[in-house]
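Quick notes on the structure that follows.
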Amino acid sequence: MSAAHEKAAGSLWRRLHVRAALVAVPLLLGLGAAMYFLLQHYSAQTALEAGQRMNLGLARYVVDHQPPGLIAADGQPDRSRMKELALHVMMVNPAVEVYLLDANGRVLAHALEGLQGSDPVGVQVDLAPVRRLLSATNDATVLLPVLGTDPRNAQRANTFSVAAVAQPGGGMGYLYIVLNGSMAQGVSASLANSDALRAMAVGAALAALLAAVVLWLAWQQLTRPLRQLTDELKSFRDDGDAHLRSDSGDEIGVLRRAVHAMQQRIAQQFQRLEDADRQRRELVSNISHDLRTPLSSIQGYVETVLVRGEAIDAQARATHLRTALRHVELLGKRIADLFELSKLDAGRVEPKQEVFCLAELLQDVVQNYRLAAQQRGVSLSLAAGSHIQAKVLADIAMIERVLQNLIDNALRYTASGGTVALAIENRGAFMQISVSDTGCGIQTEHLPHIFERYWRTTDAEESGASTSSGLGLAIVKRILDLHGSVVRVHSEFMRGTRFEFLLPQAA
């Protein structure tokens with residue numbers, strides 16, 4: 001069988017109406033078998049009840065039409081009389097077996113012509129059913145059939161008719177007639193395998209199968225709109241809903257997954273819209289603030305120089321112009337960061353992978369920032385053991401940008417007298433780069449937000465972070481995301497912060 005045929009067959013077996021029919025067939029067959037056996041059982045019980053009810057007075061009739069003396073004064077049976085009973089009673093109804101019991105229920109004699117097997121004389125008959133049946137003639141609440149001991153098979157209960165037999169001297173016994181004797185049992189056993197019963201069983205099975213087929217056709221018609229809707233959903237093509245096109249599950253399962261997927265998609269779209277709107281408002285607000293502040297400062301200093309003209313001395317004029325120039329540089333840096341982050345977010349930047357020596361890059365970056373660190377009174381160094389000639393595969397310009405942003409951030413939050421250290425550690429197939437400082441640290445509740453654009457703590461003014469564009473760490477995260485790396489941060493408030501990330505070693 002080809003793969004296409006196997007797939008079609010598997011899809012057919014997963015159809016709801018097919019599965020319903022597969023469940024219904026054994027249920028109907030089991031129900032038919034149970035009904036057959038129940039009918040057979042209760043039919044047999046009904047036949048036993050009818051037979052016992054019809055022959056309830058048989059033993060009494062026989063005793064009433066027999067002269068006294070079935071049991072002699074010495075308690076012994078009149079065997080000739082019992083033989084005569086066999087001739088009259090069992091010739092009329094060969095299915096019955098006639099026994100004579102003493103007062104304790106022991107078999108004294110029987111009227112069984114051509115007895116086969118062990119002689120039942122001496123067999124003990126339970127008298128509780130005997131007394132119960134004797135009371136049934138006067139008590140309508142006694143339910144039939146009442147089953148008693150079968151003297152020829154002590155393990156088998158049987159229907160019977162019984163009547164008390166008086167004996168000379170005041171004693172008594174019982175005439176005990178088994179209504180469904182061994183001959184009748186043999187006939188019933190032969191009928192159990194008759195063609196009629198087999199035909200009944202086959203008919204019941206065919207009826208169950210026919211009911212299953214009808215149910216299958218009905219389910220097929222009822223589920224046709226559901227199958228059509230399911231096929232339309234499975235033909236839907238979307239990368240996010242690839243699981244809807246799978247052939248697993250029935251129609252209801254596909255619909256359930258489709259509804260769940262649509263709920264998720266709608267929730268995600270609403271969340272994206274809310275996030276996009278929030279980011280747009282924040283971006284406009286932050287850009288307006290970041291551009292307005294340095295522009296206002298530039299405008300103020302330039303206007304001061306122009307308005308006061310010759311009234312301002314050369315030294316003050318130079319100071320104002322240098323301050324304005326510093327704000328221009330700050331404005332240019334913020335605009336550059338903004339454009340860089342927008343390109344990273346838009347996916348217009350791809351890392352240019354190349355092999356380079358990581359230690360040399362870190363030494364160059366440390367050397368470039370050494371003067372700025374000295375001016376802040378901060379010690380900037382490359383940790384011992386970080387001069388290994390390890391080569392990594394990455395975009396060297398982007399990684400240099402990451403290191404610059406992390407060092408800028410560390411110097412900004414580290415007070416005079418503190419230290420900033422860069423380190424390289426071997427991590428098997430990767431090299432770990434870390435930037436640590438002894439600055440003010442980051443409170444635990446702020447850690448999840450530090451890589452968000454324009455995010456600053458409430459104490460940024462006090463820590464000197466107000467000169468930051470708020471985009472440095474966001475740029476770091478975007479660049480490392482492009483390299484498939486994750487930046488991790490460990491920080492203790494008022495004790496320092498450590499940023500670290502991994503780069504793959506070059507083969």
Side-chain angles (χ1 to χ4, degrees), residues 34-67 70-71 81-82 84-113 115 120 123-166 172-194 196-197 200:
M35 292 181 63
Y36 171 76
F37 286 115
L38 286 174
L39 179 62
Q40 192 177 36
H41 171 74
Y42 285 109
S43 296
Q45 290 294 104
T46 302
L48 291 175
E49 179 183 357
Q52 190 172 41
R53 192 172 296 278
M54 290 176 61
N55 295 282
L56 191 61
L58 177 61
R60 182 76 268 164
Y61 178 83
V62 172
V63 171
D64 289 344
H65 288 77
Q66 289 291 323
L70 278 177
I71 302 176
R81 187 77 59 79
M82 289 300 296
E84 185 179 354
L85 279 177
L87 180 63
H88 290 87
V89 177
M90 299 183 68
M91 283 183 64
V92 174
N93 188 355
V96 303
E97 297 173 355
V98 181
Y99 300 90
L100 188 62
L101 310 180
D102 64 10
N104 297 319
R106 187 171 61 88
V107 176
L108 298 176
H110 55 79
L112 301 175
E113 293 294 335
L115 176 67
V123 172
Q124 186 69 36
V125 174
D126 186 8
L127 291 181
V130 171
R131 297 189 185 97
R132 184 181 173 196
L133 188 64
L134 285 173
S135 65
T137 55
N138 300 318
D139 188 356
T141 61
V142 178
L143 299 179
L144 300 181
V146 176
L147 302 181
T149 305
D150 189 336
R152 297 191 66 179
N153 187 352
Q155 305 300 322
R156 180 180 62 196
N158 211 330
T159 54
F160 64 95
S161 177
V162 66
V165 178
M172 68 173 295
Y174 300 97
L175 184 67
Y176 188 82
I177 301 177
V178 174
L179 301 177
N180 193 20
S182 298
M183 182 179 296
Q185 293 282 345
V187 174
S188 298
S190 64
L191 290 177
N193 296 319
S194 66
L197 291 178
M200 185 186 298

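The basis for the numbers below is simple: all heavy atoms, side chains too, and nothing from hydrogens, waters or symmetry mates.
- Here the NE2 atom belonging to His110 is positioned 12.0 Å from the CG atom belonging to Leu101, to the nearest 0.5 angstrom.
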Exercise for review: Applying side chain to side chain contact (heavy atoms under 4.5 Å, CB included), run through Leu179 and Leu58 and close with a yes or a no.
Suggested key: CA-CA 10 Å; Leu179 301 177; Leu58 177 61; 4.2 Å; yes

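- Judged as a salt bridge (Lys or Arg N to Asp or Glu O under 4.0 Å), the pairs with a partner in residues 38-54 (not counting sequence neighbours) are, in order, Glu49-Arg53.
- Each of Leu134, Leu108, Val63 was checked for a side chain to side chain contact (heavy atoms under 4.5 Å, CB included) with Tyr174, and the lone residue meeting it is Leu134.
- Of all non-hydrogen atoms in Asn180 and Asn158, the two that sit nearest each other are O-ND2, 2.5 Å.
- With rounding to the nearest 0.5 Å, the separation of CG in Leu175 from OH in Tyr61 is 13.5 Å.
- Between the side chain of Ser161 and the backbone N or O of Ala59 there is at least one donor-acceptor pair closer than 3.5 Å.
- A donor-acceptor pair under 3.5 Å is absent between the side-chain atoms of Asn104 and the main chain of Arg106, judged by distance alone.
- The minimum heavy-atom distance between Pro129 and Gly148, with the atom names listed, is CB-CA, 4.0 Å.
- Just one of Val178, Asp126, Val107, Val130 meets the side chain to side chain contact (heavy atoms under 4.5 Å, CB included) condition when paired with Thr149; it is Asp126.
- To the nearest 0.5 Å, atom CZ of residue Arg60 and atom CD1 of residue Ile177 are 10.5 Å apart.
- Residues passing the side chain to side chain contact (heavy atoms under 4.5 Å, CB included) test with Leu147, sequence neighbours excluded: Pro145, Ala157, Thr159.
- Tyr176 pairs by the ring pair (Phe, Tyr, Trp, His ring centres under 6.0 Å) definition with Phe160, not counting sequence neighbours.
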